[in-house]
Amino acid sequence: MRGPHNIWRLARTGATFERTGAMRMALDAMDAPRSVRIAARVLGWPLAWLGLPGDPNLQPVPRALVALGPAYIKFGQILSTRPDVVGLEMAGHLRVLQDSLPPFSTEEAKAALREETGLSVSEVFQDFSEPVAAASIAQVHRATLREDGRTVAIKVLRPGVERAFQRDIDAFYFSARFIEIFSPSSRRLRPMDVVEHFEGTVRSELDLRLEAANASEFAANTETDEGFQLPQINWGLSGKRAMVMDWADGIPLGDNDALRAAGHDLTALSERVLQLFLSHALRDGFFHGDMHQGNLKVAANGDIIAFDFGIMGQIDEYTRRVYAEILFGFIRRDYKRVAKVHFEAGYVPADRDVDEFARALRAVGEPIFGMDSTQISMAKLLAYLFEVTERFGMETRTELILLQRTMVVVEGVARSLDPQMNIWHVAQPVVENYIRDSIGPKSTAKDLFKTAKILARFGPRLPDLVESALLEQTKSNDKREIKTSKSRWVYLIAGIVIGGVLISAF
């Protein structure tokens, strides 16, 4: 239902921001131009009465986002990790969106679990707590299994969340279509594809069976990673709307005071969280796509524990190599190589000048390398790149949206632990290791081995496949010969007719 009725939804979004007092705070945090502030005030004030009131116990911006629904809350969660974008105060206000939203009743959670397992809660658990965390799509309870006394976390979807999410997405699609129609220059950003990608990503959070599968695959990929843990899924007690896993016991990664009091090295944690993300993205092509502080804890032994696997990113091996070469090129300040990689991958139209593009990239990279560690920012780099790619006609790569977004989020998490962290120095060893393993002679031999395996798999069928191909080629040649023969007859007849006409004329 992506029709004009969504105008009402979008108008109510602005009205809700105005009514809750979030409009002025959001514009201040984003350092919006004076003209934008005036326009927002003039347009928003008369419609404020249409806005949703929200929870008065929350700060204005999270109050507005919570009132508007799950998709808006997801957006706020991303901004909560970016104090360099929205400021420390606003980031602190938005942190409540990660796991401290108003919960739904425990009885509703028990009913959902009973519906999934066919068992009553008292049969399976010794105890069942009130909600310990509540986020945009689900909430978590703590319980103890009767079978073996293990402490587990029970995640249950919010009642009606699917319908609320679809309402938000419909409005987003309407906005994207409106932008494409009335702003032709924005079409290269493919706003409809971006919304579609966002919808597909978040929809996986609405089926907890998929999240359990994500957790299982992620655990298999990372079982040898030092300083990293994942809770184990209880498949027998999990279903579409409820999931049971081991309890992750640790200090939330966003609680710096508690981490210091426990003796943890915040600098080491900041480096590890960034390097783990890069390792998972480049080495495995399968990474946690929602790595904000609300989904990360630190165990007593210093290990980082990740949970909430509803949003996972996946990129193919070729794209990983391209992404690594681009990162590596920026780290080495080899802008000509970065430019060539963009052209080789087809990211930039072939009719553009590679040298000019390399110079534009140098204009992006050099100012960043001239900054001190507190000023270097992946968000700034992506903003500068956006300006360059717009000038060179580069289209948005939807397969990289989640990767880029998560990179920005992870950088925000790392900087919240150590504001002095230099992301390039921390990323360099991971990227260099991947480049060495995936692009050198070892990788070439590996690719040849994969090709040989594929050929071996089709070995018994190769003679038939070759024969079929040759027969098709022969038929194609015969058709061309017949067509050529017909053409010759046509030309001959036409020549006779024209000759006869000319003879008659004389």
Side-chain angles (χ1 to χ4, degrees), residues 54-55 57-58 62-63 65-78 80 94-117 119-122 124-145 151-168 202-212 214-215 231 233-234 237-250 252-255 288-297 305-311:
D55 183 354
N57 295 317
L58 296 174
R63 175 180 174 181
L65 295 174
V66 170
L68 288 167
Y72 293 88
I73 293 172
K74 276 292 173 191
F75 182 68
Q77 287 175 346
I78 295 170
S80 72
L94 293 173
R95 192 73 58 80
V96 71
L97 300 177
Q98 293 178 0
D99 56 11
S100 303
L101 296 176
F104 56 91
S105 74
T106 300
E107 290 307 311
E108 287 179 293
K110 289 180 178 180
L113 190 60
R114 184 167 53 248
E115 185 177 343
E116 293 295 342
T117 63
L119 302 170
S120 68
V121 171
S122 59
V124 181
F125 303 104
Q126 294 179 18
D127 54 61
F128 194 98
S129 77
E130 293 298 310
V132 296
S136 57
I137 288 176
Q139 71 183 27
V140 177
H141 299 259
R142 183 170 178 162
T144 306
L145 290 174
T151 303
V152 294
I154 303 166
K155 184 173 182 177
V156 185
L157 293 184
R158 285 183 175 273
V161 68
E162 296 93 338
R163 184 172 62 254
F165 176 75
Q166 188 59 56
R167 180 189 59 199
D168 293 338
V202 180
R203 276 198 183 282
S204 64
E205 286 194 276
L206 301 177
D207 187 342
L208 296 181
R209 294 169 300 187
L210 297 177
E211 180 172 346
N214 288 339
I233 302 296
N234 187 320
L237 297 176
S238 300
K240 182 176 182 180
R241 296 189 56 81
M243 180 179 67
V244 177
M245 70 181 79
D246 289 346
W247 180 262
D249 198 9
L253 198 63
D255 192 343
H288 197 303
D290 204 16
M291 285 185 69
H292 58 72
Q293 291 97 328
N295 290 334
L296 299 168
K297 288 184 178 181
I305 309 171
F307 45 93
D308 193 349
F309 311 104
I311 299 179

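Throughout, residue positions are numbered sequentially from 1 according to the sequence presented.
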*Shortest non-hydrogen contact from F125 to V152?*
CE2-CG2, 3.9 Å

*Between D308 and K155, is there a salt bridge with N-O shorter than 4.0 Å?*
yes

_With N234 via side-chain hydrogen bond (donor to acceptor under 3.5 Å, both in side chains) - residues at least two apart_ = none

*Do you know which two heavy atoms are closest between Q139 and P131, and how far apart they sit?*
NE2-CG, 3.3 Å

*asked:* Does any part of the side chain of V66, heavy atoms only, come nearer than 4.5 Å to the side chain of D55, both counted from C-beta?
replied: no

*Is there side-chain contact between W247 and T144, with heavy atoms separated by less than 4.5 Å?*
no

*For the residue pair P231 and A306, what are the closest heavy atoms and their distance?*
CD-O, 3.2 Å

*Identify the two heavy atoms, one from L237 and one from T117, that lie closest to each other, and give their separation to 0.1 Å.*
O-CG2, 3.7 Å

*Derivation of the side chain to side chain contact (heavy atoms under 4.5 Å, CB included) call for F104 and V156*: CA-CA 10 Å; F104 56 91; V156 185; 4.2 Å; yes

*Would E211 and M243 count as a side chain to side chain contact (heavy atoms under 4.5 Å, CB included) if you check the C-alpha gap in whole Å, the side-chain angles of each, and the deciding distance to 0.1 Å?*
CA-CA 9 Å; E211 180 172 346; M243 180 179 67; 3.4 Å; yes

*asked:* Using side-chain heavy atoms (C-beta onward) and a distance below 4.5 Å, is I305 in contact with L296?
replied: no

_Using the side-chain hydrogen bond (donor to acceptor under 3.5 Å, both in side chains) criterion, which residues pair with S238? Sequence neighbours excluded._
none

*Donor-acceptor contact below 3.5 Å, side chain K297 vs main chain A248*: yes

*Please indicate whether E108 has more than 12 foreign heavy atoms, meaning atoms of other residues, nucleotides or ligands, lying under 6.0 Å from its CD.*
yes

*Kindly give the heavy-atom pair with the smallest separation between P103 and A134, and that separation in Å.*
CA-CB, 4.0 Å

*Looking only at heavy atoms, what is the nearest atom pair of T106 and H141, with distance?*
OG1-CE1, 3.8 Å

*Please walk me through it: do I233 and D246 pass side chain to side chain contact (heavy atoms under 4.5 Å, CB included)?*
CA-CA 7 Å; I233 302 296; D246 289 346; over 6 Å; no

*Could you tell me whether a side-chain N or O of R241 sits under 3.5 Å from a main-chain N or O of E115, the two making a donor and an acceptor?*
no

_Would you compute the distance between atom CD of E107 and atom NZ of K110 and round it to the nearest 0.5 angstrom?_
5.0 Å

*Kindly determine whether F128 and L113 satisfy side chain to side chain contact (heavy atoms under 4.5 Å, CB included), including the steps that lead there.*
CA-CA 11 Å; F128 194 98; L113 190 60; 3.9 Å; yes

_F309 backbone acceptor or donor facing D290 side chain under 3.5 Å_ = no

*Taking atom CG of L94 and atom CG of L65, what is their separation to the nearest 0.5 Å?*
6.5 Å

*Under 4.0 Å between a Lys/Arg side-chain N and an Asp/Glu carboxylate O for E162 and K240?*
no

